[in-house]
Amino acid sequence: MTQTNRRTLLKSAAAGGLLAANPLLGRFASAQSAAPIKLGFQQHVTGIGAAYGRWYGRTTDAAVKMINDAGGINGRPVEIVAEDDGTDPKRGAEVLEKFANQHGCDAAFGALFSHVVIGSAPAAGELKLPNFVVSEGHHVASGMLNRYTLQPGITDVKSQVQAMAPFVANTLGKKVTMVFPDFAFGHDHRDYFTAAIEAQGGEVLEHIAIPPTETSFTKYFPKIPRDTEVLYHVMVGPAVLTFVKELGEFFGPSAPALFGFLDSLEAVDLASPGLEFLEGSYFWEGNPRYAQEDQSEFDKTFRAAVGVDANGASISDPADVSTYSHMFGCWETLHIIKAGMEAAGYQGPADRAKLIEAVEAMTYIPESQANPQGAKVFNGKTHQVFGHQYISQVQDGKLVKVHTTSIDDTFYPDEADYISQSF
Amino acid sequence: MKTHLLHLALIGLLFALGFILPDYHQGNFSRIMVLAIYAMGYNVMFGYTGMLSLGHAMFFAAGMYGFGLSVQLGDLGVIPAMLLALLGTAAFAALVGALSLRTIGVGFMIVTLMFAQAVYLTILYAGKYTRGDEGFVLQPEARTIAGMALNQPDIRYFTALMLFGLVLLGTGLLVRSNFGSVLVAVRENEERTRMLGYDVIAHKMGAVVVSGVISGLSGATYAALFGYVGASFATVQYSIFPLLWVLLGGMGTTLGPFVGALLMFYLIDYSSGLTNAYMLIVGVALVLLVLFARAGIIGEIRKRWVPWLP
């Protein structure tokens with residue numbers, strides 16, 4: 001295993017990685033065909049991931065419009081073939097087969113929920129269809145998938161959680177109690193954060209796992225030790241509003257510092273009744289939902305293109321709150337595919353392996369209009385991108401960014417080497 | 001004789017299709033045949049014995065996890081893992097039968113639903129081994145038999161066909177055997193069957209075990225051929241699917257499960273290309289079926305035109 005750090009990555013970037021990351025320097029092959037580049041969009045239109053799927057769809061439309069307005073990929077327009085996978089792993093694999101064998105797609109992208117990504121991965125490998133997932137799961141970097149599955153547009157949960165520990169320990173407190181759903185997503189947080197906070201000299205006093213079928217949480221709160229300084233919570237799903245409301249009723253004004261992941265409240269309006277208790281609490285954000293004072297021009301353009309207002313909701317419907325911490329991943333992924341195809345001189349499905357090699361060669365990816373969330377570092381061996389994470393505080397019912405992690409904070413030793421796998 | 005010829009003709013047709021179907025449809029048919037095994041298993045209990053289970057996903061999942069964990073944690077080959085999965089599913093089905101056969105009708109439906117939910121939650125709680133809701137991938141190198149990679153489209157198709165054919169012929173024999181006749185008698189009139197001197201509970205138990213093992217075979221085969229093991233296959237949705245396939249194709253017919261699985265698969269596949277409201281189309285199709293073809297497709301054909309259909 002090797003330790004990834006910025007220095008080694010920058011060195012390799014200088015050796016050629018930037019070529020792949022920067023379309024201006026990329027090798028523009030003369031387009032032998034004006035036929036569109038077909039990208040299969042594995043979209044969660046129905047099922048548990050529908051709210052994400054809706055916003056992933058809008059982001060994808062905006063990104064494709066921008067790419068096509070600028071001349072497409074290698075002079076060819078991009079065409080999206082969207083199929084609903086029902087947020088179901090079985091259907092996810094079937095949809096990939098449809099993309100590859102019926103629609104003749106060049107690549108696929110867009111799966112978010114971990115079980116769909118993992119369930120679809122064998123199909124991607126067998127079909128030899130590059131599948132660019134936008135999931136933030138650790139499954140790609142863990143090595144359990146294959147060379148045809150990549151995650152270059154969004155960081156993974158392990159790096160996100162790990163990067164939170166220094167801020168939590170130094171700003172909020174070292175004695176932490178964790179409340180998490182008792183399934184894989186919660187277990188990831190439990191395992192990665194516990195190790196990370198211990199590395200910062202802190203400790204987790206109690207792990208409180210909530211069964212996934214639970215609808216009321218009051219009975220779990222007495223388990224929270226009295227000397228808890230920070231309550232780390234990552235409840236997700238419809239029960240999260242009840243969870244926060246009951247937490248407020250339990251603690252009243254004397255609560256420990258609260259730290260959560262915005263996954264809990266993606267597509268949920270912070271002004272929803274019962275969420276008042278979150279005032280003053282802290283959240284991880286993948287990308288700040290509310291336009292910040294130091295908002296970049298890139299974010300401004302991205303927000304406008306997708307149709308999101310300064311509060312992170314749809315321009316046409318303020319009650320339709322976006323999944324801002326995740327959906328940028330589709331935008332950035334599509335631009336990575338463009339950069340990869342242009343670097344590889346991609347002509348058609350016979351060049352799929354070249355596309356993967358071109359993306360694997362990417363290293364430092366600067367903040368740009370193609371990457372509005374921030375600069376990133378792609379690790380070709382683990383097929384996973386690393387990037388800045390944001391911590392925001394709820395102030396007057398809005399999330400205000402109070403801390404930006406470094407990319408270095410998100411690195412961990414490699415757990416896989418997909419490059420050693422044959423195509 | 002006609003029955004066996006019909007079954008052999010379907011197997012022969014599917015064999016021929018294996019060489020001529022385009023890649024996409026060959027892949028679809030591989031899945032459909034595996035799912036049809038599941039539906040045939042369900043049909044033994046529901047179609048022939050008249051026991052409506054709302055929790056059959058527990059047997060599918062038992063086979064799938066029995067196989068998947070044997071490969072992943074036990075490092076077993078495909079065939080030993082498959083045998084272990086089937087043995088485990090048989091024992092589990094016997095346990096479920098012993099407990100649930102104390103109930104009938106709606107009670108049986110509720111009990112099977114609850115058992116299936118318990119299985120689903122057990123998979124989540126054993127996340128250390130099962131990876132909970134995320135599930136896990138079985139790598140291609142672990143899915144080979146005598147050097148044959150089960151992830152190769154042709155091998156996958158003909159493996160699915162072989163198992164589908166065995167189960168089709170097997171259930172064809174089963175339902176025409178004395179045992180099968182008693183199951184049908186239980187379905188038609190349980191009390192009369194008991195009065196005739198048959199041990200109804202023992203026959204029902206037999207139906208649960210046979211049905212569970214066939215469903216488990218489907219789950220294990222799905223894992224072996226498609227390389228993924230996940231808790232979503234244990235959710236209530238996957239208990240309802242075989243019920244719909246059997247109702248659509250024709251309950252109590254040997255070909256109904258295959259026809260139902262085939263039509264439902266393509267109905268979803270084509271309608272999802274037309275609209276995101278494809279489940280509405282599927283729903284309307286099922287309502288029409290209930291209104292105009294209550295016996296299901298093969299059932300209606302048997303009722304109206306071909307009375308000898310098995």
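Naming convention: chains lettered A, B, ... in sequence-line order (proteins, then strands); numbering from 1 in each chain. Below, all heavy atoms of this structure are taken into account, side chains as well, without hydrogens, waters or symmetry copies.
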Before you tell me yes or no, could you show the steps for B/Asp269 and A/Arg91 under salt bridge (Lys or Arg N to Asp or Glu O under 4.0 Å), namely the whole-Å CA-CA distance, both residues' side-chain angles and the distance that decides it to 0.1 Å? CA-CA 9 Å; B/Asp269 197 55; A/Arg91 186 65 193 151; 2.9 Å; yes
Distance-minimising heavy-atom pair for A/Met144 and B/Gly135: CE-O, 3.9 Å
Please check if the number of heavy atoms outside [X] that lie under 6.0 Å from its [atom1] is greater than 12.
| X | atom1 | value |
| --- | --- | --- |
| A/Phe423 | CZ | yes |
| B/Tyr266 | OH | yes |
| B/Leu121 | CG | yes |

Taking every heavy-atom pair that is under 4.5 Å apart, which of [options] has the most such pairs with chain B?
| options | answer |
| --- | --- |
| A/Glu83, A/Lys98, A/Gln102, A/His187 | A/Lys98 |
| A/Val117, A/Val95, A/Asp188 | A/Asp188 |
| A/Thr46, A/Asp88, A/Asn146 | A/Asp88 |

Donor-acceptor pair, side chain of A/Lys90 and main chain of B/Ser232, under 3.5 angstrom: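 Side chain of A/Lys90 to backbone of B/Ser232: no pair is present.
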So, B/Asp133 side chain and A/Ala184 main chain: donor-acceptor pair closer than 3.5 Å or not?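 Yes, B/Asp133 side chain to A/Ala184 backbone: donor-acceptor pair under 3.5 Å.
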Evaluate the side-chain proximity of A/Thr213 to B/Gln117: yes if any heavy-atom separation is below 4.5 Å, no if none is.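 Result yes, sub-4.5 Å side-chain heavy-atom pair found.
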For a 4.5 angstrom cut-off between non-hydrogen side-chain atoms, does B/Tyr228 reach A/Pro89?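 SC-SC contact between B/Tyr228 and A/Pro89 confirmed.
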Value rounded to 0.5 Å, distance of CZ in A/Phe113 from CD in B/Glu134: 11.5 Å
Hey, what do you get for CZ (B/Arg131) to OG (A/Ser114), rounding to the nearest 0.5 Å? 8.5 Å
Quick check on [X] against chain B: is it the side chain, the backbone, both or neither that has a heavy atom closer than 4.5 Å?
| X | result |
| --- | --- |
| A/Leu127 | neither |
| A/Glu94 | both |
| A/Ser120 | neither |
| A/Glu97 | both |

Working for side-chain hydrogen bond (donor to acceptor under 3.5 Å, both in side chains), residues A/Asp84 and B/Tyr278: CA-CA 10 Å; A/Asp84 179 19; B/Tyr278 58 94; 2.7 Å; yes
Portion of [X] that has a non-hydrogen atom of chain A nearer than 4.5 angstrom:
| X | result |
| --- | --- |
| B/Phe136 | both |
| B/Leu138 | neither |
| B/Ile123 | neither |
| B/Gln26 | neither |

Dump the intermediate steps for side-chain contact (heavy atoms from CB on, under 4.5 Å) on A/Asp182 and B/Tyr125, then the final yes or no. CA-CA 7 Å; A/Asp182 199 5; B/Tyr125 289 138; 3.2 Å; yes
As an exercise: rank B/Lys128, B/Gln152, B/Gln237, B/Arg31 by heavy-atom pairs under 4.5 Å with chain A and give me the winner. B/Arg31
